[in-house]
2 protein chains.
Amino acid sequence: MGRKRTKSGKIRLAEVAELAGVSPITASRFFRNPEALSVAKRTRVESAANELGYVPNLAARALASQRTEVIGVLIPSLTNNVFSDVLRGIYDAYEGSRYSIQLSNTRYSILQEERLLRLFLAQKPAGLIVTGIDQTTESRAMLEAADCPIVQIMEIGPNPVDMMIGFSHYDAARAAIAHLFAQGHRKIGFIGARMDPRVQRRLDGYVSAMKEADLFEQRLVVTTATPTSVTLGGTLFTDLLGREPGIDAVFCANDDLALGVLFECRRREIAIPEQIAIVGFNDLEFMASAVPTLTSVRTNRYEMGKTAATMLIEAIDGRRPEQPVLDLGFKVIERQSSSSRHQDSRPAASGGGAQNKMVALPSGHD
Amino acid sequence: MGRKRTKSGKIRLAEVAELAGVSPITASRFFRNPEALSVAKRTRVESAANELGYVPNLAARALASQRTEVIGVLIPSLTNNVFSDVLRGIYDAYEGSRYSIQLSNTRYSILQEERLLRLFLAQKPAGLIVTGIDQTTESRAMLEAADCPIVQIMEIGPNPVDMMIGFSHYDAARAAIAHLFAQGHRKIGFIGARMDPRVQRRLDGYVSAMKEADLFEQRLVVTTATPTSVTLGGTLFTDLLGREPGIDAVFCANDDLALGVLFECRRREIAIPEQIAIVGFNDLEFMASAVPTLTSVRTNRYEMGKTAATMLIEAIDGRRPEQPVLDLGFKVIERQSSSSRHQDSRPAASGGGAQNKMVALPSGHD
DNA sequence: GTCGTTGCTGGTAGCGCTGTCAACGATCCT
DNA sequence: AGGATCGTTGACAGCGCTACCAGCAACGAC
């Protein structure tokens, strides 16, 4: 009871209050809701805090207030370029806000995701960002029972838990195939790696487009559960050529694979796009400077992360978006690898909310 | 005072203790040091906790124990492949441990790093991982005053704050140039982007090697503060060719730039390696499957992250490594792009602790 | 002049857990 | 047998902050 000022050299709120000549609770309010103080006390507390170099104890705050200022982020991979762009957007959006990010890696396992979710929710996060729409039943139940805002990112689908931001991988794949059709290609192969739910939906889009044109054959599809890589692109393409030497185009489920195909074609002296056209997915930076330049489906990954984080913060602060489901769309960027005219960077088909407009959830494909 | 059992439906340690028929403090000990309990009580508490689905309140624990189980990680970039590999190693090492990771992005700014450090240290982290050895004086002082283990990663140098794990970028660059000399190259250009301290040291290594051979010329060096990209590799290479058309090799400060150079050469129909040899840095996955395959300096990024995290946890638990500075070394992976013999993947020079052995800090270059 | 009403401030009482120390029986040694 | 030691357990008192509610002055409406 008799303790006073710094007991172990560290500055507590009580010290700040004492220096400012106010009660601790008034000093506390200064940090949470400065407007509630009179201007005189506000400046007194502020200068006292600065003078002492006060930094609040987050653990004490969390314990007393029964909530944390932590945002949980669950992503499947730290390595994949796609997620690093999303993450960058998320971190950028939180810059300067009072929230901090707790990142965890599910390694593409929904069981791992469930385990992490349980851990996160026990600490009462201020909000949660989760990847995709394929949670376990248990995870889904926990998410719905959670009393914090939640954003699902990377794709859109029916029945959002709360908010959702992404685009239709299915439609994007269909647009890529439509582009190849428009260029006169018919025997179009598909190569995919990892085959997580989003890659699977790209495959579904490919299959549906091919079936509609009555061109689908199972042997045009080569996939593997192995994580993606450039080298793997070459391997899968070799496999595809072995099964069906007569293909005239390849749709790659991501750009790493597409680059691998490019190199494999070079190795085999296959002319691109004359003999085989290539279309990738994600439009990573290198696609535009490859030789030949590579067509890809551009996705707005950075914006996705940034917008998700922004929406989440707004929702935490009580300002829920009028439209909780946001389709960020995609755009087929036509380049030399699929253009008979050898032109560069002509935007072709696009879909969803490509102009970053808020749009209603398009009727899902399932 | 009169409260009892779940006040708001949530399970506290007190509930677990009550169900197990022990005092709260005994239940608390079960989670921190199970060996201190008799086997009978241990199993009783364990089953009670499982039955109730107890999850400890981390904020309360942190407040009461005056320490957190959070490891702070400060890295300059989330986008750069190099750091995502390191991060993956760090996250893998923490998997299953009781620590959690708090990641922050300094954006290559040592002032930002200082700000973040202040924030982190105020929360009494269990340990800290920081990138590089170029902190501000203020940051350095804070790190030295911190009462938690600290690992500096990515490079090694004199005067570690505490522990250190990395390799000599200077020596690695010298080895790359030595390799090019051995292949008969003399007019060797350097291209570099971002020019963070580690890239700068690679440049220093290049300069010293060239000067020793009396081959250095300022116009062979093209650098920019712009962040790296494949496209930028082509641009810088174009610039270099403009200044000195007679170059016979390029040492690229990273692999993205090298890939850009490869494409630019293809565009200009410059034969690799006959007309110009290319050497990259980091040995990213795609280097081995490019056409031609690209020589690079392999660095052990994943191991670096994993080992750093492991060392840190050990140190937190009181088992300090006998050798606090660990040189993970590098290896020049010779491939077609710099080999007159057109062979693939012949390891050439290597340096530092390339065999993952603990080695003493080699005498620094500065 | 009285009665709200508003704006600001402070006191009290914990949030859920753990550090410290004391107490206890059991075990060991001389 | 007596004392010392060890292993195990529990009581107490906070950790630093905030939720809640009460108090008080200033003000306006009637």
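The shown structure was predicted, so the numbers you read here are calculated from the model rather than taken from an experiment. In what follows, chains are A, B, ... by sequence order, proteins preceding strands, each numbered from 1.
Here the C1' atom of nucleotide D:dC17 and the CZ atom of A:R61 are 8 Å apart, to the nearest Å. Taking atom CG of B:L13 as the reference point, atom P of D:dC15 lies 20 Å away to the nearest angstrom. Counting to the nearest Å, the P atom of D:dG14 and the CG atom of A:N57 are 18 Å from each other. Atom NZ of B:K124 is separated from atom P of C:dG19 by 14 Å (rounded to the nearest Å). When the P atom of D:dC15 is taken as reference, atom CG of B:L58 falls 21 Å away, rounded to whole Å. In this structure, A:E69 atom CD and D:dC17 atom C1' are separated by 12 Å, rounded to whole Å. When rounded to the nearest whole Å, the span between CD of B:E15 and P of C:dG16 equals 9 Å. Distance A:F31 CZ to D:dC17 C1': 12 Å, rounded to the nearest Å.
Inter-axis angle, ends of the helix from C:dG1-D:dC30 to C:dT30-D:dA1, five pairs per end, rounded to 10 degrees: 30°.
Taken to the nearest 0.5 Å, the CD1 atom of B:I133 stands 7.5 Å off from the CD atom of B:Q152.
The aromatic rings of B:F31 and B:Y54 lie tilted to each other, with the angle between the two planes from 30° to 60°.
Between A:R320 and A:A315 the shortest heavy-atom distance is NH1-CB, 4.0 Å. Taking each heavy atom of B:Y94 and B:A309 in turn, the nearest pair found is CE1-CB, 3.3 Å.
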Requested in this report: Going 5' to 3' through nucleotides 5-13 of chain D, assign each nucleotide B (protein heavy atom under 4.0 Å from a base atom), S (under 4.0 Å only from sugar-phosphate atoms) or - (no protein heavy atom that close).
Outcome: ---SBBB--

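The closest side-chain donor-acceptor pair between A:R88 and A:S84, if any, does not fall under 3.5 angstrom. In this structure, a donor-acceptor pair under 3.5 Å is absent between the side chains of A:R42 and A:S38. Side-chain N/O atoms of B:T310 and B:T307 include no donor and acceptor closer than 3.5 Å.
Between A:E303 and A:K306 there is no salt bridge, since no side-chain N of the basic residue sits under 4.0 Å from a carboxylate O of the acidic one.
The residue among B:A64 and A:R32 whose nearest nucleotide of DNA chain D lies closer to the 5′ end is B:A64.
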Output a table of donor-acceptor pairs, distance under 3.5 Å, between side-chain atoms of residues 112-120 of chain A and any protein atom two or more places apart or on a different chain; print 'none' if there are none.
| unit_1 | atom_1 | unit_2 | atom_2 | d |
| --- | --- | --- | --- | --- |
| A:Q112 | OE1 | A:R115 | NE | 3.3 |
| A:Q112 | NE2 | B:E95 | OE2 | 3.3 |
| A:E114 | OE1 | A:T136 | OG1 | 2.7 |
| A:E114 | OE2 | A:R118 | NH2 | 3.1 |

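An OP1 or OP2 oxygen of C:dC17 is reached within less than 4.0 angstrom by a side-chain nitrogen or oxygen of B:Y54. Between A:R67 and D:dA19, a side-chain N or O to OP1/OP2 separation shorter than 4.0 Å is present. Applying the 4.0 Å criterion to OP1 and OP2 of C:dG16, one finds that A:Q66 has a side-chain N or O inside that range.
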